> 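Here it is: the structure, laid out below.
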Number of protein chains: 2
Amino acid sequence: MAEKKANAVQLRQIREACRTCSLSDLCLPVALESPDVDALDNIVQRRRPLSRGDVLYRAGGRFNAIYAVRTGALKSMSVSEDGEEQITAFHLPGELVGLDAISFGTHPSTACALETTSICEIPFGELEDLAEEIPGLQRQLLRIMSKEIFSEQEMLHALARRTAEQRLAILLISLSDRFSRRGLSATRFRLPMSRHELSNYLGLAPETMSRLFRRFAENGWITAAGKEIVLEDPQGLRAMTNGGSAPVHRGIGRASDA
Amino acid sequence: MAEKKANAVQLRQIREACRTCSLSDLCLPVALESPDVDALDNIVQRRRPLSRGDVLYRAGGRFNAIYAVRTGALKSMSVSEDGEEQITAFHLPGELVGLDAISFGTHPSTACALETTSICEIPFGELEDLAEEIPGLQRQLLRIMSKEIFSEQEMLHALARRTAEQRLAILLISLSDRFSRRGLSATRFRLPMSRHELSNYLGLAPETMSRLFRRFAENGWITAAGKEIVLEDPQGLRAMTNGGSAPVHRGIGRASDA
DNA sequence: GCAACGCTTTGATCTGTATCAAGGCGTTGA
DNA sequence: TCAACGCCTTGATACAGATCAAAGCGTTGC
């Protein structure tokens with residue numbers, strides 16, 4: 001079929017972009033050697049980009065597909081009865097979105113673009129069908145899913161019972177790690193979310209966020225100009241995420257000063 | 001084979017206990033109608049009971065199997081560098097333990113019995129092998145896993161950014177739901193964990209826990225005698241978990257008085 | 001160019017919960 | 001029966017971070 005051929009070509013084109021994606025373990029090692037390569041690629045759909053504020057799916061909506069972020073960023077959020085929105089996750093390029101709907105059949109949360117964002121859509125039913133045909137794909141699927149799910153859970157645990165300072169440090173390090181895993185700079189990046197969204201996610205008041213950024217900068221750990229962040233002293237940051245006991249700030253100037 | 005026959009008999013015996021287990025979706029609907037019923041049952045091993053404090057697996061240990069709690073209860077915990085233990089989950093009868101190791105190959109946390117506890121062990125490799133043979137089992141597996149994982153995650157989100165009062169209420173309701181789902185009373189149960197373990201899990205000081213229990217009793221929401229708990233007013237409890245805005249306590253006596 | 005708006009920052013105050021410090025009470029062992 | 005221990009409770013105090021209030025400042029639209 002001409003269609004299949006077209007897809008095969010397309011596959012080669014996107015392979016580069018896919019290499020740092022969470023799905024790459026699914027797409028590449030398994031699919032590469034098999035004639036099923038087209039089958040897997042066939043079900044992955046590229047959609048037209050979302051703009052800031054666009055909703056990918058809404059809480060309560062039917063679960064049809066999972067998504068991989070290609071560029072840009074999304075937030076997952078749930079809205080409580082009293083109308084307050086609570087951000088439950090940020091999704092950066094290469095990460096999967098919508099996994100929390102697998103067991104329910106409907107989306108428990110709403111996914112919304114933080115900036116202009118392009119995504120891959122993987123219809124879940126077709127993926128499952130495929131997994132039954134391609135040996136090994138099933139295992140990969142389970143591992144990838146549980147990895148994505150648990151890395152989020154780890155984050156939650158890491159944030160629980162931490163001071164405001166530690167939470168922000170943990171988040172910055174997490175973002176750094178996630179950017180660098182996708183081949184971007186680990187020390188210099190642009191926050192895709194506003195201060196307000198950050199504070200919402202971390203469970204802090206926006207005012208506290210603001211004060212923290214200032215304090216972090218005073219301590220020489222970061223340089224922050226709006227959303228542009230430079231991690232000047234990742235070690236210093238990392239140090240204070242450990243043992244809630246470690247005394248922090250207090251002193252003036254950067255930790256590395258003599 | 002005699003062994004197979006013995007297992008078939010055993011299967012019938014345990015089926016009752018299994019009916020309320022998280023694995024029942026795996027064991028029963030799928031396996032019941034298939035000749036593979038023995039195959040699935042064969043790989044599930046009953047182990048001798050754990051006593052309070054016994055460790056099921058230790059953080060860092062190799063991942064071989066997942067477990068289902070039959071009776072009793074477990075806690076999952078991680079120990080930070082400074083030696084502080086942090087409880088990350090409680091596992092009640094019918095729930096699965098060890099899922100967080102799937103993606104890593106090693107256990108990220110330690111599982112420890114809160115009281116005398118009996119469990120089923122399901123070697124994961126064999127389960128995966130089986131899933132490749134039995135159509136549908138793979139899907140069930142994925143759904144069950146993601147359900148178990150996400151219900152924990154929901155709990156974490158529910159606890160984040162809540163007052164101490166709300167956290168305890170949320171936990172009590174969660175326990176109530178989980179007990180009742182397994183056929184036990186939703187309003188009268190025995191806490192398997194100590195106040196200290198509770199406070200650790202909820203991220204509160206033990207003293208705060210104590211004060212909360214008193215306040216809850218004063219408000220007529222619960223009656224607590226040691227670990228024996230009676231939910232006198234589940235609605236009252238549920239009400240205060242919602243919208244952090246709702247004013248709580250303050251007044252004297254139970255909410256339903258007038 | 002200016003006004004209006006939203007986001008961020010800064011300052012002052014208030015409060016929930018931790019922490020410190022004892023005291024009660026049930027349980028274990030001699 | 002009594003002492004010793006651990007767990008839980010109770011009270012007093014301290015502090016991190018929320019909340020209230022208002023002022024900068026960059027953006028958007030006219």
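From a predicted model like this one, the values you see are computed outputs, not experimental measurements. Numbers restart at 1 for each chain; the letters A, B, ... are given by sequence-line order, proteins then strands.
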> Counting only side-chain heavy atoms from C-beta out, which of C:dT17, C:dT8, C:dA18 sits nearest to B:Thr163?
C:dT17
> Between D:dC8 and B:Glu207, counting only base atoms on the nucleotide and side-chain atoms on the residue, is there a donor-acceptor pair under 3.5 Å?
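For B:Glu207, whose side chain was compared with the base of D:dC8, there is no donor-acceptor pair (under 3.5 Å).
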> Have a look at B:Val97 and tell me which of B:His91, B:Glu121, B:Glu148, B:Lys75 forms a side-chain contact (heavy atoms from CB on, under 4.5 Å) with it.
B:His91
> Nearest whole Å is fine: how far is C:dC7 P from A:Phe213 CZ?
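Rounded to the whole Å, the gap is 16 Å.
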> So which atom in A:Glu232 and which in A:Ile222 form the shortest heavy-atom distance, rounded to 0.1 Å?
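Smallest heavy-atom distance, with atoms named: CG-C, 3.7 Å.
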> Rounded to the nearest Å, what distance is computed from the CE atom of residue B:Met193 to the C1' atom of nucleotide D:dC8?
17 Å
> How would you label the contact of B:Ala164 with the nucleic acid (heavy atoms, under 4.0 Å): base, sugar-phosphate, or nothing?
sugar-phosphate
> May I ask you to verify whether the side chain of A:Arg211 and the base of C:dG11 hold a donor-acceptor pair under 3.5 Å?
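Indeed there is one.
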> Rounded to the Å, how far apart are A:Glu165 CD and D:dG17 P?
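So the CD-P distance, A:Glu165 to D:dG17, works out to 7 Å.
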> Between A:Thr208 and D:dA18, is there a side-chain N or O to OP1/OP2 distance below 4.0 Å?
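Answer yes for this pair, as a side-chain N or O of A:Thr208 is under 4.0 Å from OP1 or OP2.
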> Both B:Lys227 and A:Leu212 contact DNA chain D. Which one's nearest nucleotide lies toward the 5' end?
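This one resolves to B:Lys227.
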> Suppose the criterion is salt bridge (Lys or Arg N to Asp or Glu O under 4.0 Å): which pairs have a residue in residues 110-120 of chain A, not counting sequence neighbours?
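Sorted pair list comes back empty.
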> Any side-chain donor-acceptor pair under 3.5 Å between A:Ser118 and A:Thr71?
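A:Thr71 and A:Ser118 do have a side-chain donor-acceptor pair below 3.5 Å.
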> Is the phosphate of C:dT9, meaning OP1 or OP2, less than 4.0 Å from a side-chain N or O of A:Arg214?
no
> Starting at atom NE2 of B:His196, determine the distance to atom C1' of D:dC7, rounded to an integer number of angstrom.
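That distance rounds to 10 Å.
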